[in-house]
Each structure stands twice: as structure tokens, then as C-alpha cells.
Amino acid sequence: MVLSPDAPSVLRIAVLGCGVVGTEVVRRLVTEADELAARTGAKLELVGVAVRSLDAERDPVVDRALLTTDAEALVARADVVVELMGGIEPARSLVLRAVEHGASVVTANKALLAQDGPALYQAADAAGVDLYFEAAVAGAIPIVRPVRESLAGDTVQRVLGIVNGTTNYVLDSMTTTGDGLDEAVAEAQALGYAEADPTADVEGYDAAAKAAILASLAFHTRVALDDVERAGITGLTAQDVEWAGRTGHVLKLLAVAERAQGDDGTAGVLVRVQPTLVPAEHPLAGVRQAFNAVFVEAEAAGELMFYGRGAGGAPTASAVLGDLVSVARHRVLGGKGPVESSHADLPVLDAGHARSRYQVRLEVDDRPGVLARVAHALADQHVSIESVRQTPRATGDDASATLVITTHTAPVRALRTTVDAVAALDVVRRVVSVLPVL
Ligand SMILES: NC(=O)c1ccc[n+]([C@@H]2O[C@H](COP(=O)([O-])OP(=O)(O)OC[C@H]3O[C@@H](n4cnc5c(N)ncnc54)[C@H](O)[C@@H]3O)[C@@H](O)[C@H]2O)c1
Ligand SMILES: N[C@@H](CCO)C(=O)O
Ligand code: NA
């Protein structure tokens, strides 16, 4: 490449946090140094790695002479800061400090971006530096850049997918083994997918943060973590998974961000994370283990699908290094990457505006007239039935049955009212589950 005489020949790189991802980023910076320099046009010199403890055991690829517990001082002497410690503070202050010093930032921190993204994007923009975050959504899968750049000339209608590897592993394991949730989570922990405290994954916070980031990019609108309607997988049982299979579905934790209309017809966006019944023949049903997959539906492009590893040290490091080369190239060749695009400023609608097909599973008395009464309760709310399946549970005087009703697309508010009405019928013993169907 032809470089201007004042282009830097060396860029100082600071890595903050040396855990699962940080270690793999350091490994590639060390082992691929020559190749990265050739691609960038400048040497990427690792000048320090901020850690909590200097004495902790580490992979030998990490040069102990580069370790420091003074992250602030390290940030002050870097051209590019790679934030991989996670959490809100001190990550937030260090990212702000970095851009104030004129350093570009690469981060994998979805929690921070979903909470404080706008302030960070503005600070980077004001300072004229880059803030890149491909690794924050779906790990190695290129999805931030396609939505932010490749689709910048199109109109995205909907983004949906599996964006949390841990919960996909847990649900996949429940599907294949018939295990309950606790056993599957313990297995995911033993294999290193789920953390010791798996709350962020199993309660859907991690997926919700990613959904907020994707929605912001896709709809040119600010969407924060609190705007996302969220349900995790903790309430799911082995029976829910079994019934999904019996009715031709696979249970997946889906993130959905879509354009929708408010009550007065105004345009808005809806963003939610919830366990969803995916038809067995749908491509998302075949996303196994800890893999992620994201569908994007855009006006001109039509349907796009992105699939790959959404977690793990090396895959996530791939996305971080891609960003690092991009922002480093801007330093060498001049120019800057995209800034926050929130001009559409669409309202985030409350989840009551969602429309979906639903599957309602009931335990009912098994006697004449029961089905008619349940069907009547749905008809009262104009919720149309697509199919009904009845399976006997117990026979004799106390005969009972499982009733699985699949509805046509209905507004979630009508569905909720319907379920309350059904639950109140004396012939209905229990509403076991209500799940959306993709
Ligand atoms: N692990 C993955 O698969 C994955 C995938 C995508 C994104 N991410 C994101 O990447 C980031 C890092 O994740 P991870 O899995 O490597 O976590 P990790 O817990 O393995 O590593 C984080 C490291 O940062 C260190 N750290 C925390 N606070 C620090 C501080 N104040 N000063 C110095 N060091 C500090 C911790 O001691 C730890 O070693 C997080 O934002 C995470 O959400 C992780
Ligand atoms: N805990 C996350 C890591 C990637 O963000 C997951 O399981 O997908
Ligand atoms: Na990604």
C-alpha cells in the first residue's frame, strides 16, 4: 500500500483485561505480528496488558513484563485501546479516558454498550476516533459490520436469531438428552460454556443486550437494555422441551427486533428476547450446541442468514482482531469508520404490540363439552385456532387430558386476555405453558 510520509509506522496497542478473550487476542497479536503489520501498514505493538493481579497464573504467550494493574496509565500511552474486561465500571471510564486521549477503542462489552452506548459513541465522534464492537454481538459472526455498513443503504424490517451460545447449548442438550434445566446448566458449566454465575445468560440479559445493540444499528434508533422485553430460560422444564418435539418444534431462546405500529398507527420498533417454538424444518431449529445464528430481513436485500460461533476465546478474538486492523488502518491511511446513526429516532413500543402465533398447553378435565368451552373463550377474544391436539393423561372418574392449542397470528394483548379467561374455566385444571411460535 502507498502510505503518506507522516503515516505512523508503529501503533501502540493496550489490552484491558486478560481473561478468556484477552488471552486469545494477545496470542494473535504475538503470533501473527508480521501478517497483521502487512495488512495494516504499521506494526501493532502491544505496549501493555491491564490485569487485576500480577501474580495470577497465565498462558505463557502473555509476556509478564507487559502486565500492569494501572489501566489508566496504560490507556494514556496507547493509540488503540482494546477493552476486554467486561462490566460497566471501570470499563466505561477507561473507554472514555481512551477517546479523550485520542485513542481509538475496540470493545467486546455488550453490557456496557447496551447501557451507555450513546454517551460512548458521542465521545468517540467528538474526539474523531473510532469505536468498534463486532465481538459484542454473536462473537465471531460478522453481524455488526453487515448491519452497520453493508446494509446502510437498505431498510431493515426485522432481525431475529439465537445470540446466546450458553442457553442454546442448554436447550439443545435438554432436547437431545431429555434432561431437566438444572442438569443441562451444570453440564454447560462443566464444559466452560456457562459461567459460575450463569444469571446473565439464563435470564436472557446477555441476549437482550445484544438485541438492543442490533436493533439500534438496524433501525437507526436508540434502543437500550431496559427497552427490551426479556424472558430467560429458567422457567422451562423437560416437559416443555418434550412437548415442543411432539408438536414438531424445537425450543430456542430467540431475540427478535422488528418494525411495528403503535396504537395510533405510528411507526415504532419492538425488541424482545423469549423462549420460542421454532418449527423443526426452520433453519434456526438446526442451530445446535453453543452456535449462534442471526436472520436479517431487509426491504431490498430480502432474507440474509449469518451463522457461526458466538462465544469462546479464539472465535471472539477473531472479531476483535478484525476491528483492530480496521481502526489501525484508519490511523495509517486516514479517515474514520461509521459513527452512531440514530436519526430515525423511532419510539420503542411496549411488548403488548407484538403479534405472533402461540401455543397454549393446558391440563383439562377429560369430559364432554370441555373443548367447546375452551374454543369459545378464544373466539370471544377473536383469537383464531390453527390446530388442537388432545392427549389423555389419566382415565377413570378423574379423567384428564393435555390440550395443546396453536393459534393463528394474534396480538399478544388479546392472547393474554384469552389465557386469563381460559384459566378461569372450571374444566381447566392448569395453564401449563404459553409460548410464541416462530
Ligand atoms: N467469553 C466469550 O465467549 C465472549 C464472547 C463475546 C464477548 N465477550 C465479552 O468480552 C469481554 C471479556 O469476556 P471474557 O469472557 O474474556 O471474560 P473473563 O472474565 O474471562 O475476562 C475478563 C478479565 O478482565 C479482568 N478484569 C476485570 N476487571 C478488571 C480491571 N478493573 N482491571 C484489570 N483487569 C480486569 C478479569 O480479572 C478477567 O481476567 C466481556 O465484555 C464479555 O462480555 C466474551
Ligand atoms: N455468554 C455469552 C458469550 C458471548 O457473548 C454466550 O453464551 O453467548
Ligand atoms: Na460479531
Side-chain angles (χ1 to χ4, degrees), residues 14-26 48-54 56-59 62 67-75 82-95 106-115 132-148 161-171 185 188-189 191-210 213-214 217 232-233 253 255 289-294 306-323:
V15 172
L16 311 183
C18 194
V20 173
V21 182
T23 303
E24 294 309 315
V25 167
V26 169
V49 181
V51 295
R52 271 201 185 121
S53 155
L54 296 175
E57 214 179 294
R58 297 192 189 274
D59 188 292
V62 183
L67 299 182
T68 174
T69 54
D70 191 347
E72 259 191 62
L74 175 60
V75 160
V82 183
E83 187 278 304
L84 298 170
M85 47 196 207
I88 306 299
E89 284 295 350
R92 181 179 183 280
S93 302
L94 289 166
V95 167
V106 175
T107 179
N109 195 333
K110 55 252 169 178
L112 177 60
L113 293 170
Q115 182 177 308
Y132 271 49
F133 48 91
E134 180 58 73
V137 184
I141 304 174
I143 184 67
V144 168
R145 200 166 314 209
V147 174
R148 187 152 85 144
I162 296 165
V163 293
N164 182 267
T166 304
T167 47
N168 200 57
Y169 185 88
V170 168
L171 293 176
V185 169
Q189 281 171 322
L191 287 166
Y193 290 120
E195 294 175 30
D197 176 5
T199 312
D201 292 318
V202 296
E203 296 290 357
Y205 289 103
D206 177 81
K210 292 165 178 168
I213 295 169
L214 282 180
L217 299 173
I233 64 167
L253 186 69
Q289 301 182 336
F291 280 82
N292 285 190
V294 182
F306 301 82
Y307 171 83
R309 290 183 198 278
T316 307
S318 165
V320 172
L321 264 296
D323 281 355

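All residue numbers in this chain count up from 1 along the given sequence. First listed ligand is number 1; within each ligand, the first listed atom is number 1.
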Novice: Which residue from Thr166, Val320, Val20 reaches closest to atom 18 (P) of ligand 1 through any of its heavy atoms?
Specialist: Val20
Novice: For Val82 and Val320, work out which heavy atoms get closest and say how close.
Specialist: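 Of all heavy-atom pairs spanning Val82 and Val320, the closest is CG1-CG1, 3.6 Å.
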Novice: Do any N or O atoms from the side chain of Glu134 and from the backbone of Ala140 form a donor-acceptor pair under 3.5 angstrom?
Specialist: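 No; judged by distance alone, with no hydrogens or angles, the pair does not exist.
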Novice: Does the side chain of Pro90 reach to within under 4.5 Å of the side chain of Met85, using non-hydrogen atoms?
Specialist: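 Side-chain contact under 4.5 Å: yes.
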Novice: Applying a 4.0 Å heavy-atom criterion (strictly less than), which segment of Cys18 is in contact with ligand 1: side chain, backbone, both, or neither?
Specialist: backbone
Novice: Just jot down the ligand 1 atoms closer than 4.0 angstrom to any heavy atom of Ala311, in number order.
Specialist: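 This gives 3 (O) as the contact atoms.
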Novice: List the atom of Ile213, the atom of Val137, and the distance in Å for their closest heavy-atom pair.
Specialist: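 Shortest heavy-atom contact: CG2-CG2, 3.8 Å.
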Novice: Tell me whether Gly139 has any N or O atom under 3.5 angstrom from an N or O of ligand 1.
Specialist: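 By distance alone, the answer is no.
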Novice: Count the heavy atoms of every other residue, nucleotide or ligand shown that sit under 6.0 Å from CZ of Phe291, and state whether that count exceeds 12.
Specialist: yes
Novice: Between Asp206 and Ala200 (side chain of the first, backbone of the second, donor and acceptor by atom type, cut-off under 3.5 Å), is there such a pair?
Specialist: no
Novice: Show which atoms of ligand 1 fall inside a sub-4.0 Å distance from at least one heavy-atom site of Ala135.
Specialist: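 Close to Ala135: 6 (C), 7 (C).
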Novice: Looking only at protein heavy atoms, which one is nearest to atom 8 (N) of ligand 1, and what is the separation?
Specialist: Lys110 NZ, 3.6 Å
Novice: Strictly under 4.0 angstrom, heavy-atom based: which residues surround ligand 2?
Specialist: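 Residues near ligand 2: Lys110, Asn164, Gly165, Thr166, Asp201, Asp206, Lys210, Gly310, Ala311.
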Novice: Which ligand 1 atoms are under 4.0 Å away from a heavy-atom of Gly86?
Specialist: 40 (C), 41 (O)
Novice: Could you tell me whether the side chain of Ile88 reaches within less than 4.5 Å of the side chain of Gln115, counting heavy atoms only?
Specialist: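 Heavy-atom side-chain distance check passes, below 4.5 Å.
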Novice: Which option wins on minimum heavy-atom distance to atom 38 (C) of ligand 1: Ala317, Gly87, Gly19?
Specialist: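 Of the listed residues, Gly19 has the closest heavy atom.
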Novice: Which of these passes side chain to side chain contact (heavy atoms under 4.5 Å, CB included) with Ile233: Asp201, Thr166, Val202?
Specialist: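 Of the listed residues Asp201, Thr166, Val202, the side chain to side chain contact (heavy atoms under 4.5 Å, CB included) partner of Ile233 is Val202.
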Novice: Please state which part of Val21 comes within less than 4.0 Å of ligand 1, counting heavy atoms only: side chain, backbone, both or neither.
Specialist: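 Under 4.0 Å from ligand 1, Val21 contributes backbone and side-chain atoms.
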Novice: Starting from atom 37 (O) of ligand 1, what is the nearest protein heavy atom, named by residue and atom, and what distance separates them?
Specialist: Arg52 NH1, 3.6 Å
Novice: Is the shortest N/O to N/O distance between Pro90 and ligand 1 below 3.5 Å?
Specialist: no
Novice: Heavy-atom count around Arg309 CZ within 6.0 Å, excluding the residue itself: above 12?
Specialist: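 At most 12 heavy atoms, drawn from other residues, nucleotides or ligands, come within 6.0 Å of this atom.
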Novice: If we ignore hydrogens and angles and just use 3.5 Å, is the side chain of Asn164 paired with the main-chain N or O of Ala207 as donor and acceptor?
Specialist: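 No, Asn164 side chain to Ala207 backbone: no donor-acceptor pair under 3.5 Å.
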Novice: As a check for students: among Glu134, Lys210, Met85, Glu24, identify the option with a heavy atom nearest to atom 29 (C) of ligand 1.
Specialist: Met85
Novice: Please report whether atom 1 (N) of ligand 1 has a protein non-hydrogen atom at a separation of less than 4.0 Å.
Specialist: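 Given the 4.0 Å cut-off, atom 1 (N) of ligand 1 counts as touching protein heavy atoms.
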Novice: Counting heavy atoms only, which of Ala108, Gly22, Ala314 comes nearest to atom 10 (O) of ligand 1?
Specialist: Ala108
Novice: Report yes if the side chains of Arg145 and Asp323 come closer than 4.5 Å at any heavy-atom pair, otherwise no.
Specialist: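 Yes; the side chains approach each other to less than 4.5 Å.
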Novice: Got an N/O contact under 3.5 Å between Ala136 and ligand 1?
Specialist: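 N/O-N/O distance under 3.5 Å: no.
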Novice: Please tell me if the side chains of Phe133 and Leu112 come closer than 4.5 Å, counting only heavy atoms from C-beta onward.
Specialist: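 In short, these two side chains do not touch, never coming nearer than 4.5 Å.
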Novice: To the nearest 0.5 Å, tell me how far Gln289 CD sits from Leu191 CG.
Specialist: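 Interatomic distance, Gln289 CD to Leu191 CG, rounded to 0.5 Å: 9.5 Å.
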Novice: Identify the closest protein heavy atom to atom 5 (C) of ligand 1: which residue and atom is it, and at what distance?
Specialist: Thr316 OG1, 3.2 Å
Novice: Which atoms from ligand 1 have a heavy atom of Gly312 less than 4.0 Å away?
Specialist: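 So the atoms of ligand 1 that pass are 2 (C), 3 (O).
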Novice: Locate the shortest heavy-atom distance separating Thr316 from Gly139; write the atom from each residue and the value.
Specialist: OG1-CA, 4.2 Å
Novice: Which atoms of ligand 1 are found less than 4.0 Å from any heavy atom of Ala50?
Specialist: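 Numbered from 1, ligand 1 contributes 33 (C), 34 (N).
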Novice: Which of the numbered atoms in ligand 1 are under 4.0 angstrom from any heavy atom belonging to Val51?
Specialist: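 Atoms satisfying the 4.0 Å criterion: 33 (C), 34 (N).
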Novice: Minimum distance, heavy atoms only, to atom 11 (C) of ligand 1: which one of Thr69, Leu84, Val49, Val25 is it?
Specialist: Leu84
Novice: With the side chain counted from C-beta on, respond yes when Asn292 and Asn168 share a heavy-atom pair under 4.5 Å apart, and no when they do not.
Specialist: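 No; the side chains remain at least 4.5 Å from each other.
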Novice: Between Ala293 and Ile141, what is the shortest heavy-atom contact and its length?
Specialist: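 Scanning both residues completely, I find the closest heavy atoms to be N-CD1, 4.5 Å.
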Novice: Suppose the cut-off is 3.0 Å; how many protein N/O/S atoms fall inside it around the Na ion (ligand 3)?
Specialist: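 Of the protein's nitrogen, oxygen and sulfur atoms, 5 lie under 3.0 Å from the Na ion (ligand 3).
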